[in-house]
Amino acid sequence: MEAPKMEVQLRSVIQHPDQQAETHTMQATGELIEKKGQAYLLFEERTEGMPPVRTTVKLHADDAFIMRKGGVQMRLPFRQDDTRFGTYGNGPAVMDLAVYTNQLEWVPGRFTVAYDLHSDESLLGKYHLTITYSEVTK
């Protein structure tokens, strides 16, 4: 059986230290797959002038992650009120990150995560990401 096609909307609010918060939105088409009883949302991010980035989101309320491959390489693991370790790479350089999850919620159709990113014990920023998705109807 083919995975259902999904309309995906992302809204991220990024607050870098000593700067105004930035809001970014994006829409994509993807698919929702289930593997070993776990739901994953897959989609491709396209930004003009940049190579596409394949994104996988493990949808779970207790233990989730976002993985990006392509023009950007990233793996951010999330667990509520816990620090996990991830990576971010752009080209050959890869940076280790500490990800502290402040909020993690998932109900079918909506995934929300608020987290702080640290590198070398310095705060890089506070992030709030909401992904909403629904099946594409013909």
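- In this structure the side chain of L117 never reaches within 4.5 angstrom of the side chain of Y88, judged on heavy atoms.
- Note: the hydrophobic cluster containing F65 also contains I33 (ILVMFWY, side chain heavy atoms under 4.5 Å, direct or indirect links).
- The shortest non-hydrogen separation linking A64 to L104 is CB-CD1, 4.1 Å.
- When all heavy atoms of F78 and T101 are compared, the pair lying nearest together is CA-OG1, 3.4 Å.
- Looking at E7, its side chain never comes within 3.5 Å of a backbone N or O of E135 through a donor-acceptor pair.
- Using modelled atom types, no side-chain atom of Y127 and backbone atom of A114 make a donor-acceptor pair closer than 3.5 Å.
- Residues V8 and T55 fail the side-chain proximity criterion, which asks for heavy atoms closer than 4.5 Å.
- Scanning both residues, V53 and R68, for their nearest heavy atoms gives CG1-CB, 3.6 Å.
- At least one side-chain heavy atom of H128 sits under 4.5 Å from a side-chain heavy atom of T112.
- Using a 4.5 Å heavy-atom threshold, the side chains of R84 and D63 count as touching.
- In this structure, the side chain of E34 does not engage the main chain of Y40 through any donor-acceptor pair within 3.5 Å.
- In the hydrophobic clustering of this structure, W106 groups with L41; members are Ile, Leu, Val, Met, Phe, Trp, Tyr whose side-chain heavy atoms approach within less than 4.5 Å, directly or through other members.
- A heavy-atom distance below 4.5 Å is found between the side chains of L129 and I66.
- Here the shortest heavy-atom pairing between T87 and D96 reads CG2-OD1, 3.6 Å.
- Inter-residue side-chain proximity for R79 and Y100 is flagged as unmet; no heavy-atom pair is nearer than 4.5 Å.
- The shortest distance between side-chain heavy atoms of H16 and E22 falls below 4.5 Å.
- When every heavy atom of K58 is checked against every heavy atom of F111, the shortest pair comes out as O-CE1, 4.1 Å.
- Listed here is the closest heavy atom pair of F43 and M26: CE1-CE, 3.8 Å.
- Note that the CZ atom of F85 and the CG atom of L76 stand 13.0 Å from one another [nearest 0.5 Å].
- We find the OG1-CZ distance between T132 and R110 to be 7.0 Å, quoted to the nearest 0.5 Å.
- Counting heavy-atom neighbours within 6.0 Å of K5 NZ, excluding the residue itself, gives a total above 12.
- Counting non-hydrogen atoms of other residues, nucleotides and ligands closer than 6.0 Å to CG of D81 gives a total above 12.
- The NZ atom of K69 lies 10.0 Å from the CZ atom of R75; values are rounded to the nearest 0.5 Å.
- To the nearest 0.5 Å, atoms CE (M74) and CE (M95) are separated by 11.0 Å.
- Between L124 and L97 the shortest side-chain heavy-atom distance falls below 4.5 Å.
- To the nearest 0.5 angstrom, Q73 atom CD is 10.0 Å from M67 atom CE.
- By the neighbour-count criterion of 12 heavy atoms within 6.0 Å, atom CD of Q19 is densely surrounded, having more than that number from other residues, nucleotides or ligands.
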